[in-house]
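All values reported here derive from a predicted model rather than from experimental measurement. Heavy-atom basis, side chains included; hydrogens, waters and symmetry copies ignored. Both counts, for ligands and for their atoms, begin at 1 and track the order of listing.
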Amino acid sequence: MLNETSSLPILERSRSLLARAQAVIPGCAQTFSKGPGMFVQGVAPNFLSRGEGAYVWDVDGNRYIDYILGLGPVILGHAYPSVNEAVTRQMSQGISFSMPHEVELEVSELLRELIPCAEMVRFGKNGSDATAGAVRLARAYTKRDKVLCCGYHGWQDWFIGTTSRNKGVPKAVRELTIPFAYNDIAAVHRLFDEHAGQIACVIMEPVTFSPPARGYLQEMKDLCHRHGALLVFDEVVTGFRLHLGGAQALLGVSPDLACFGKAMANGFPLSALVGRSEVMRLLDDVFFSFTFGGDTMGLAACKATIHELRTHNVVGKQALVGQQLKDGIDQMLHDFHLNEQISCLGYPQWTTFNFKDTSGKPSQDIRSLFQQESLRRGVLTHGSHLLSYMHTAEVIEETLAIYRDVFSVLAEAIAGGNVRSRLMGDPIRPVFRQV
Ligand code: PMP
């Protein structure tokens, strides 16, 4: 059942830019998750042109409520004035210098104040810089090669070799990293026994959409230390979102090292590797060094972002509006009798949908129809919700009104068994093959 507002958006300019991109940009985007494969073609734009607060506009002028937020960084909102002013002030004084700038020290001290494990701090640009640095540092500290990992940790060889997109990663490198499943501590016990004396670190996202089992993270820390390995938390998503000090502050377990990125500078590129000084001091010698490591734009943005996050209790407010969104969704899933097929999981600040077909298997078709129907009504999502400070109660209400129409279409399609045939383009292709 479609209403007037759900007619198809005009996407002419998007399509013509996509045709040009196909000739010059492999993958048509700089990040897999931003490319055309992640959006149902036919209704999805391919290029965005601007953002303001909780909204973005595509190159044809269509407006969307943005729940992807540049893959997570935009925690205050697009074009947030005080962050942009801080960066503009910095730009007027130069941005790249041949010696450290004072703002580097100021932000290091701020992170030390906020993040429990952060006795010392180094900066990178992408989250992958921080995770690759953490792994190298752990290997240097322990004089061991193997790594256990849980979650997604970036594009570098040491991790991507464990995934289905491992082309180009040497076999010898692939064999050094072993993934494990979250909340299964027995599996990690077994891996430590199997690779006795060889594991440098466990690197893991401390939490994603399921909460840790009672005592899980503390037991992981004890297990690592008993075997002479380090515990590294990858807080690239959880940092500044679940708590200003990361999930480690929220959940009360402090790792040896931690990696931050994404939301720390409201979209300006910045990441950080932080940790216990006894380990971090090895970076006097271990190579973690690149041209833009101390770029002052990202640091000025981070300082201004932290100031806003603290002054306005942004994380607390996001928890409230996130709960409003989650409650509204749960009510609708109940109203449309969709609870069997669709659930909304996670902390209120970072929720995701789980879509299942009638046999209980993950359904990429239902996910795609959800995205299609959301996009054509003005909501940009991959099926998750990251919130900015500008996602006010009014924006959530606007979203829920749209979702009511979306779920009505989904309910009809699922009942009619015609989800796939309603898709206007290919279903979303996940970045990694699902096993
Ligand atoms: N760790 C986690 C948990 C992530 O979600 C990501 C990015 N999605 C990374 C590391 C890598 O960050 P980046 O893409 O900025 O290199």
> Quick one: do Glu175 and Lys171 make a salt bridge, cutoff under 4.0 Å?
Replying inline: yes
Tabulated below should be the N or O atoms of ligand 1 paired with protein N or O atoms at under 3.5 Å; can you produce that?
{"unit_1": "ligand 1", "atom_1": "1 (N)", "unit_2": "Tyr152", "atom_2": "O", "d": "3.1"}
{"unit_1": "ligand 1", "atom_1": "1 (N)", "unit_2": "Asp234", "atom_2": "OD1", "d": "3.1"}
{"unit_1": "ligand 1", "atom_1": "1 (N)", "unit_2": "Asp234", "atom_2": "OD2", "d": "2.6"}
{"unit_1": "ligand 1", "atom_1": "8 (N)", "unit_2": "Lys262", "atom_2": "NZ", "d": "3.0"}
{"unit_1": "ligand 1", "atom_1": "15 (O)", "unit_2": "Gly127", "atom_2": "N", "d": "2.8"}
{"unit_1": "ligand 1", "atom_1": "16 (O)", "unit_2": "Gly127", "atom_2": "N", "d": "3.3"}
{"unit_1": "ligand 1", "atom_1": "16 (O)", "unit_2": "Ser128", "atom_2": "N", "d": "2.8"}
{"unit_1": "ligand 1", "atom_1": "16 (O)", "unit_2": "Ser128", "atom_2": "OG", "d": "2.5"}

Just wondering, more than 12 heavy atoms not from [X] lying within 6.0 Å of its [atom1]?
X      : atom1 : value
Arg429 : CZ    : no
Lys326 : NZ    : yes
Lys125 : NZ    : yes

>> Would Arg165 and Phe32 count as a cation-pi pair here, with the cationic atom under 6.0 angstrom from the ring centre and within 45° of the axis?
In response: yes
> Taking the six-membered ring for Trp, are Tyr80 and Tyr389 parallel (under 30°), tilted (30 to 60°) or perpendicular (over 60°)?
Replying inline: tilted
